[in-house]
Amino acid sequence: MSLDCVFCKIISKQIPSQPLLETDDLIVIKDIAPQAPIHYLIIPKRHITNVAALQLSDRDLMGDLILVATKLSQMVPASAFRLITNNGAAAGQSVFHLHFHFLADKAN
Ligand code: 5GP
Ligand code: ZN
């Protein structure tokens with residue numbers, strides 16, 4: 001847990017949220033400023049800065065994060081969607097706690 005991290009605060013319930021899905025290891029919430037009709041954030045509960053900070057031991061967790069996108073695509077349902085992660089400020093990362101954006105159009 002990182003004390004000044006907004007996602008850590010959401011995960012620890014210091015900031016209330018309504019998760020769409022939650023397991024022991026990850027949480028899915030709606031993005032506060034959606035860039036598409038469906039914009040979810042898939043977030044590991046453990047504070048990892050970004051993809052560049054991943055270690056080999058994170059491989060199971062990473063598999064789980066991607067497979068949640070599969071589950072979301074069935075829940076929505078969205079046959080077409082984008083799964084994006086920004087790595088570093090210059091690439092558009094603004095929250096330095098690893099997350100995947102799940103973006104879809106309701107028409108899909
Ligand atoms: P990044 O820019 O790091 O790739 O994505 C961070 C995302 O987190 C942004 O799309 C932003 O709208 C979202 N975000 C930032 N603060 C909050 C928050 O407090 N709650 C939720 N649900 N999303 C947030
Ligand atoms: Zn964090």
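Just so you know, ligand 1 is whichever comes first in the structure, and atom 1 is the first atom listed for that ligand.
- Distances between N or O atoms of Asn86 and those of ligand 1 include at least one value under 3.5 Å.
- Counting heavy atoms under 4.0 Å from ligand 1, residue Ile29 touches it through the side chain alone.
- Listed by number with element, the atoms of ligand 1 under 4.0 Å from a non-hydrogen atom of Val6 are 19 (O).
- Residue contacts with ligand 1: Lys9 is excluded, as none of its non-hydrogen atoms falls under 4.0 Å.
- Looking at His97 and the Zn ion (ligand 2) together, the shortest N, O or S contact belongs to ND1.
- Short contacts between ligand 1 and Ser94, defined as distances under 4.0 Å to a heavy atom of the residue, involve ligand atoms 1 (P), 2 (O), 3 (O), 5 (O), 6 (C).
- Contact atoms of ligand 1 toward Ala33: 12 (O) (distance under 4.0 Å to a heavy atom of the residue).
- Between Ile11 and Ile43 the shortest side-chain heavy-atom distance falls below 4.5 Å.
- Checked by distance only, ligand 1 and Leu41 stay at 3.5 Å or farther apart across all their nitrogen or oxygen atoms.
- The closest approach between Gln35 and ligand 1 stays at or above 4.0 Å for every heavy atom of the residue.
- Within ligand 1, counting atoms from 1 as listed, the ones closer than 4.0 Å to a heavy atom of Phe7 are 8 (O).
- Heavy-atom minimum distance, Ile48 versus Ala53: CG2-CB, 4.2 Å.
- Nearest N, O or S atom of His47 to the Zn ion (ligand 2): atom ND1.
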Using the side-chain hydrogen bond (donor to acceptor under 3.5 Å, both in side chains) rule, take Gln93 and Asn50 through it: C-alpha gap first, then chi angles, then the decisive distance, then the call.
-> CA-CA 9 Å; Gln93 185 176 9; Asn50 52 28; 3.2 Å; yes
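- Aromatic ring centres of Phe102 and His39 lie farther apart than the 6.0 Å criterion allows.
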Step-by-step side-chain contact (heavy atoms from CB on, under 4.5 Å) determination, Phe81 to Leu72 = CA-CA 10 Å; Phe81 59 90; Leu72 288 175; over 6 Å; no
Stepwise side-chain contact (heavy atoms from CB on, under 4.5 Å) check, Val28 with Leu41 = CA-CA 6 Å; Val28 179; Leu41 300 171; over 6 Å; no
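- Among all protein heavy atoms, the one lying closest to atom 11 (C) of ligand 1 is Asp31 OD1, 3.4 Å.
- In this structure, Ile10 counts as a contact residue of ligand 1, since one of its heavy atoms falls inside 4.0 Å of the ligand.
- Scanning the protein for heavy atoms near atom 15 (C) of ligand 1, the closest one is Val95 CG2, 4.0 Å.
- Between His97 and His47, the ring planes are perpendicular. Angles over 60° get that label, and only those under 30° would be called parallel.
- Residue-to-ligand polar distances place Lys30 within reach of ligand 1: an N/O pair is separated by less than 3.5 Å.
- One finds the CD1 atom of Ile10 at 7.5 Å from the CD1 atom of Ile32 (value rounded to the nearest 0.5 Å).
- If you check which protein heavy atom lies closest to atom 6 (C) of ligand 1, you get His99 NE2, 3.4 Å.
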Step by step, work out the side-chain contact (heavy atoms from CB on, under 4.5 Å) result for Asp60 and Asp25.
-> CA-CA 10 Å; Asp60 284 350; Asp25 301 318; over 6 Å; no
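- Nearest to atom 17 (C) of ligand 1 among the protein's heavy atoms is Ile32 CG2, 3.7 Å.
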When you look at Lys45 and Asp24, which way does the side-chain contact (heavy atoms from CB on, under 4.5 Å) test go after all the steps?
-> CA-CA 8 Å; Lys45 288 190 171 174; Asp24 286 347; 5.6 Å; no
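- For the pair Asp4 and Lys9, the salt-bridge criterion is not met [side-chain N within less than 4.0 Å of a carboxylate O].
- Heavy-atom proximity to His101, at under 4.0 Å, picks out these atoms of ligand 1: 1 (P), 4 (O), 5 (O), 7 (C), 10 (O).
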